Amino acid sequence: MIGHKIPTVYERSVSGRCGVTLPALDVPEAPLPAAELRTDCGLPELSQLDVARHYLLLSQRNFGVDSGFYPLGSCTMKFNPKINEQIARLPGFAESHPLQDPDTVQGNLALMFELQQWLAEIGGFASVSLQPAAGAQGEFTGLLMMRAYHRKRGDMKRTRILIPDSAHGTNPASTTMAGFTAVELPSDARGNVDLEAVRAACDDTVAGIMITNPNTLGLFEEHIGEVVRLAHACGGLVYGDGANMNALAGIARPGDLGFDVMHYNLHKTFSTPHGGGGPGSGPIGVSARLKEFLPGPVVEYMRDANGARYVSAMPAESIGQVSTFYGNFGMLVRAYAYIRQQGAEGLRKNSEHAVLNANYLRVKLRDTFAVPFDRPNMHEFVCRGAIDGTGVRALDVSKRLLDYGFHPPTNYFPLIVPEALMIEPTETEAKPTLDAFIEAMQAIAKEAVNDPALVKGAPHETPVKRLDEVKAARELKLCDQVKTATNS
Amino acid sequence: MIGHKIPTVYERSVSGRCGVTLPALDVPEAPLPAAELRTDCGLPELSQLDVARHYLLLSQRNFGVDSGFYPLGSCTMKFNPKINEQIARLPGFAESHPLQDPDTVQGNLALMFELQQWLAEIGGFASVSLQPAAGAQGEFTGLLMMRAYHRKRGDMKRTRILIPDSAHGTNPASTTMAGFTAVELPSDARGNVDLEAVRAACDDTVAGIMITNPNTLGLFEEHIGEVVRLAHACGGLVYGDGANMNALAGIARPGDLGFDVMHYNLHKTFSTPHGGGGPGSGPIGVSARLKEFLPGPVVEYMRDANGARYVSAMPAESIGQVSTFYGNFGMLVRAYAYIRQQGAEGLRKNSEHAVLNANYLRVKLRDTFAVPFDRPNMHEFVCRGAIDGTGVRALDVSKRLLDYGFHPPTNYFPLIVPEALMIEPTETEAKPTLDAFIEAMQAIAKEAVNDPALVKGAPHETPVKRLDEVKAARELKLCDQVKTATNS
Amino acid sequence: MSYVPHTELERSEMLAAIGVARTADLFTDVPTQVRFPALKLPPAASELEIMREMQALVARNFEIDPHLSFLGAGTYHHFRPAIVDYVLSRGEFYTSYTQYQAEVSQGMLQALFEYQSMICRLTDMDVSNASHYDGATALAEAALLALNVAAGKRSKIVLSPAVHPQYRAVVRTYLRGTQAATIVGDEDGAADLEQLKRLLDQNTAALVIQNPNFFGQCEPIEGLAEAVHHAGALLIVLTDPISLGLLRPPGAFGADVVVADGQCLGIPPSFGGPHLGIFAARMAQVRRLSGHLVGETVDANDRRGYVLTLATREQHIRRARATSNICTNSALCALAAATYLSTMGKRGLKQAAELCFHKSHYAAVEIGKLKGFEINPQAPMKPFFKEFVVRLPAPVSEVNAHLRKQHGIIGGYDLGRDDPHLKDHMLVAVTEVNTRASIDRLVAALGEVAK
Amino acid sequence: MSYVPHTELERSEMLAAIGVARTADLFTDVPTQVRFPALKLPPAASELEIMREMQALVARNFEIDPHLSFLGAGTYHHFRPAIVDYVLSRGEFYTSYTQYQAEVSQGMLQALFEYQSMICRLTDMDVSNASHYDGATALAEAALLALNVAAGKRSKIVLSPAVHPQYRAVVRTYLRGTQAATIVGDEDGAADLEQLKRLLDQNTAALVIQNPNFFGQCEPIEGLAEAVHHAGALLIVLTDPISLGLLRPPGAFGADVVVADGQCLGIPPSFGGPHLGIFAARMAQVRRLSGHLVGETVDANDRRGYVLTLATREQHIRRARATSNICTNSALCALAAATYLSTMGKRGLKQAAELCFHKSHYAAVEIGKLKGFEINPQAPMKPFFKEFVVRLPAPVSEVNAHLRKQHGIIGGYDLGRDDPHLKDHMLVAVTEVNTRASIDRLVAALGEVAK
Ligand SMILES: Cc1ncc(COP(=O)(O)O)c(C=O)c1O
Ligand SMILES: Cc1ncc(COP(=O)(O)O)c(C=O)c1O
């Protein structure tokens, strides 16, 4: 369309317009506190039709899993079952209030109780709390629990957390927030955390190690048993970043590998939608020795004189609440429905096919895009996205993929692979889609040689071309209009 | 995107794929009747993710009211309130079965009863049946009732229905289906049905006149009183095509004008969505003398020894059922909710603003696009879409509007205006939208002069360009694949 | 809740441009004595209020629990995948009109083309229209088509009494305008195909049957088409689309027109509508079909695209000589069916059909064991698909009241409503949504009224 | 219901390409002793079964009728226009990830930019992030920001006891890692702003208040910001976004950081989550904010567009030195709030706020007339917005049980849960969804327990 730019809600605003009618006042007016009032709350004024069109047009300029293949590494962009959306919207769930008497929300509590059990079973943990709102908050929570655990034992000098250099940025960031110092460990030539470096770092100042397994290269840590042993031997604990649990569910339980604490990303492994960045949910599972430190409330099943029922409770040594109420319950509902639809076999099948798809892509693409750690991978793999001698970089390849109708892989992460493209197909993609992606990648590699400007100038078919990020950061326009005088 | 064509479901199909899991068989197997079986039902095989993507991509290539301004004359493309969609999906409505005992569906019957009353009140009729599934079926139904009425009185020679030449095609088509002969009446210089022609045609073979008021030029029939009088005087009945009732609700009641029978298009006047062509709903209202001929079931309120309740009943001389069960109940729910949200004042306000918008467009556009019957119009108006001396036709202007992000008006209807563009903005559009449309129309008129090829080659910004309709009709490909041998 | 967006200022600017003082002045053409009636309607409700009110209204219905319902007779509780409503809720689809501007309607056009394709395959026919109002009107239009084919030379429609009674009523209504046409065959509710065949003659335009028939049974269709064609008539078959996942399609046994109600394909019962009229035929009749047809073609750049085609059949072009008056149809329901069919696919539909078959047979066997109950007494040997007839030891209304009040079960359809010979006969529908547990509950509840 | 689409054939082709025989062979890196555990989980359910099961589960909840609920305390039943869910259900939005590829994320980016803009206007602040998890974590991050601004020189947070107790708990949890930090002020539940001001000193990083406070009351904020700033600290205000339709925004009285829970803006209560953390601040702090920020810029053709900006604050760039660890946030809830705010608009939000005000006052007046009931006993003169405190003549749990069991009413929050001094005190919330009739019903029901 010629009128290309979609006006903002403020540009669409016309003084006096309104998108709703509210019920008429049916009680006497009370005197308003004059000193506390404002005259204009500064919101735009649109009709409901304006609003409908605005967001419909905006949505058409957004790419989701339902728009096409979305192999964004580490993010597990799998199909979000539509039935789960319907379930989460059942009024009995959606309208329920977190401060209701527990007797009136036994359905919710039963759901949470079972989900705690199921997640514990899948991860091999003694206990689970559903409080954290996302993976990063799960990490922070787990680290606070590790801190509390050592302190409880009077072991005050453990201030360091060991973190492989391939780790996600949230790992060191959470470490700092939890009052620890992050110590970076190098990776070895096969993409594992360097065992010698682990050995060297382990001492009595180590509170624990944070490890992602499979790691962000998509590789199963080959020395995981030894790493866990070393951490434990020096008195440390093992934190597992469960973002990649979608490769392990039904395949191996981190608890069985000796992990003490791990978060689950329900928005990755358990298919709850990412919602354009959130909300997610990051439940945390722990081994028996950390159980009492879990954030609460957790749900327990109780049988007494008043009968059997679910109650919410605070673990004895709980680090406290990390968010209000029961965590992101709406996401728990979806994850519950998902696990219930998969069963044990389904979960294993999912992991197997996530891994199958990723290995298929690797072997098909590695001749064109070098894979630095080229060994059988799990649910994702990392290749070099630059095309030698053409000046075409991983970013350019990514942008050109947009013209082919694909969402690009994760770029430039993990940091240990230069020009990284981190490719995670997930299990819900079928072979024809993977083949089309392979073809596109190969076509782009050819274009890079024959017509590098085409690739470097990509994308060409999107509503906007490459955006000026420097200008955005330098001139900082974060708000549609300057603050107006009327606004108070 | 480079891969422009969206593959069909058959092109996406891969043998062995399946989008659902059904519950396992939980009863013993019964022997299947071997002779009656088929081996392959011929459906495509897709994953659920394939299906989600397929329809999401298709939807993005479709234009609805929520995509932009849709001034399709005679179709009343107004905003479809989102709350009504939620209401129609309430399980108590959506899961209810039409053959349940009436005592178990008192909510549904109450809704239908009140809607009958409200529509009768709005149209000025004695009684209403909600059976017809759309406007055209309402017409057919009304004509059958007129036929039955005359026959009941032993008046067997009335075989003709008078229809102005500006009428919608469904009018003569319904007339034929109902076993009458359609007689076309000319229009006069002011866009009314020619009064002399009416007078001349009225005799004792006339079963009635079918009149659209405001007519399809968007004009209120200036001699409507006389037309009705003439029809009645010769023993005929007056059928009102209620497609344009959105100009009259709260302004004038066809019943008060002397109409005997009229259909309502709930999908026009009462905002139920058009759904890409349907379903709609075409209730029929009648004056007292036709009441007993209404199609049934209709809903009645009854009070007897068993208490008060709603029951469904067949009028004494009913022409019968025109569809199964209770008509398009889901549409009735939406229309009920709509009327309830408008009230009497709201309905009048809607009509007033529909008429205001249409007149505003007329006066703003008439200097560029001649309006053959240029007098104050109701909810729509008709102009000439051709640009003299450029070879640009109404169709070209319409196609060029697509590039500007607007849905075009109705083309080439009514037939009495050459190169007609029939423009109906509806009341839910605000002035800035109308002004943008005016600007676009004026810009196109300029383009037609300066660069006629641009306009004649339009659209340029749509997923496909103009389509070869001749080829479509000549080579007739109505089905994705030839019938296969496996298919039985 | 008003959806009129105008501000005071805009309104006055617009009035000024038009040259009138008030909106009321726009209506001078309307005779004063009828202008601005005071309508007696309830006052306007806000969105919050209307939702609350509608919830109160819906609460006056008995809340049906689909897996405890055994009521069918033309409208069914089948499994509806959540993805269907996801697709239907796309604003681009449901707020659009008929595809008069093909360039911005490719989404719906392709979806309807695919719908037509899937219906052709499912029924084994050559061509399908893009939807009719519902199954009954599709059947009526099929009868009109047959009369149209006969071009005035044949005026008799032979109508099986085993066709849904409401469908037969609608056919009768539709033929009211077709002066000469007569309908025979269903005067005797017990007439079977052999008897109907005997009514075929040179004046017969069509034989209309339902298969599986209204009572759920498969008709003995062997040789039927031959007999009908031999008489120079058309064979019109009303069918159950779900059954076509498993059973031989009408096209395979020689039907000329196949119609059906597509509600079972992902559309909620919704108290009987909106549903979907399925209409498929042979290529020979393509120019006589009613309703829209979507055809494949190419655009100016030779890219594939879709358009409405053969519009010359339709009322907006052909007017009084159109094949039908239909304009608005049931497109969104066709989209629902298309989504349903492509989600279920070849295997899913077959499995659903098998579940219907086995579960209904289980129910029939178990009910048949109860004292005083008899299954399909009129036709014990005919195979059936998902519905069957039960002769009860008590009036159907009493039994159903017991089922509902004591067990929350919605019982079957009272066949005595349409045919006094079938007093105390109930038509029971069992689909994939009924669990064994719910069937067992029905059987146990019926056992309480057993004699 | 498995969502794995692979056919047998595809699987074997892919395995062959990889060079392994079975999928199980892909896992040789996994130690054999832990490989392929037998998980004890219920068997897989189909879509039909899971829906039925979830309906059964949800039926174990008491079915809350929003207009008969007077429970608030941080989560509210407000009016949610249907259009919000229409927007949220768009697949392009809800199945997308964070906007790392701006060219195909302009929809969400613009929507979030507009969200930021509306939050800035509503709070009268300079900058808003693109969402935080919820109000409590936003508050905790605000406290961390204040400590960060103080750069180790100040370690005290003065926390009003009239801040929501669960929010105070979350702040405490978040500060556990910040060794030196101390929280003071809320030891005495009755401490007022004057007492808190006295705690301000050179070591104070921030004063944290809630306004309207946890008890629904407007704090006497005149001169507060000046006092805080005079001490060199930041003023952090937790607020109720609905109240800002009517009441003076925190920005106008000098707040440095404004946080809130945005659940009231079109998001269902959903048993407490997911909600929306609103976080707005002064431009001076923009480089210390946590969370995503969307900025306007231009593309290579100079067309307007939006990108995530100032990413150097964030964990994926700055790692251990990031301003926060937040990654996944609550974007879809921000989209809900944006849709809500643009639908309600200036007038709608004001009207909603007025309805809350008048209805809660009506309820307070009527309840206050009952014998043995006292309204806002601790602060009878403070204005309140939509919540108020009632001292009951009986334990809250008893009263609430009576309301629920006899009248289907969900009563207010038991303040004694957090503060023993507030035994028998109930916090009652009244919003625009409560009708006069429902308030009268509450009053009458309370009357039954009056002494
Ligand atoms: C490996 C890894 N760890 C941690 C996270 C953070 O999880 P969340 O976004 O749920 O906070 C991510 C998210 O992308 C991740 O990929
Ligand atoms: C004037 C007029 N009459 C009749 C009809 C037919 O109504 P329906 O499409 O509901 O069958 C229409 C539909 O466009 C119309 O505009």
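What you see is a predicted model, and the numbers here were worked out from it, not measured in a lab. Numbers restart at 1 for each chain; the letters A, B, ... are given by sequence-line order, proteins then strands. As a basis for the values below, the full set of heavy atoms in this structure was taken, side chains included, without hydrogen atoms, waters or symmetry mates.
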Ring-face cation of D/R176 near A/F140 (centre distance under 6.0 Å, axis angle within 45°): no
Other residues, nucleotides and ligands only: do more than 12 of their heavy atoms fall within 6.0 Å of NZ on A/K364? no
Tell me whether A/R348 forms a cation-pi arrangement with D/F36, defined as NZ or CZ under 6.0 Å from the six-membered ring centre and within 45 degrees of its axis. yes
Output for pair (A/E29 CD, D/Y362 OH), nearest 0.5 Å, gives 14.5 Å
I'd like to know which of A/V363, A/L46, A/V51, A/T462 tops the heavy-atom pair count under 4.5 Å against chain D. A/V51
Tell me whether A/D480 is salt-bridged to D/R121, with the criterion being a basic N under 4.0 Å from an acidic carboxylate O. no
Toward chain A, the part of D/T173 with a non-hydrogen atom under 4.5 Å: both
Parallel, tilted or perpendicular for D/H77 and A/H97, by the 30°/60° rule? tilted
Out of curiosity, D/Q101 CD to A/N62 CG, how far, rounded to the nearest 0.5 Å? 12.0 Å
Are the side chain of D/N325 and the backbone of A/A173 linked by a donor-acceptor contact shorter than 3.5 Å? no
Separation between OG (A/S59) and CE (D/M108), nearest 0.5 Å, reads 11.0 Å
Do you know which two heavy atoms are closest between A/D66 and D/T95, and how far apart they sit? N-OG1, 3.2 Å
So A/F79 and D/Y3, would you call those rings parallel, tilted or perpendicular, with 30° and 60° as cut-offs? tilted
State whether D/E53 and A/R340 are salt-bridged, where the test is any N-O pair (Lys NZ or Arg NE/NH1/NH2 against Asp/Glu carboxylate O) under 4.0 Å. yes
Any donor and acceptor pair, going by atom type alone, linking the side chain of D/D29 with main-chain N or O of A/E222 inside 3.5 Å? no
Which atom pair, heavy atoms only, marks the closest approach of A/E427 to D/P5? O-CD, 3.2 Å
Atom of A/A252, atom of D/V30 and distance for their closest heavy-atom approach: CB-CG1, 3.7 Å
Bottom line for A/R466: the part with an atom under 4.5 Å from chain D's heavy atoms is both
Parallel, tilted or perpendicular, judged at 30° and 60°: which one describes the rings of A/H353 and D/H6? tilted
Salt-bridge present (A/K477, D/E296; N to O < 4.0 Å): yes
Mark yes or no for whether A/T428, through its side chain, and D/V4, through its backbone, hold a donor-acceptor pair below 3.5 Å. no
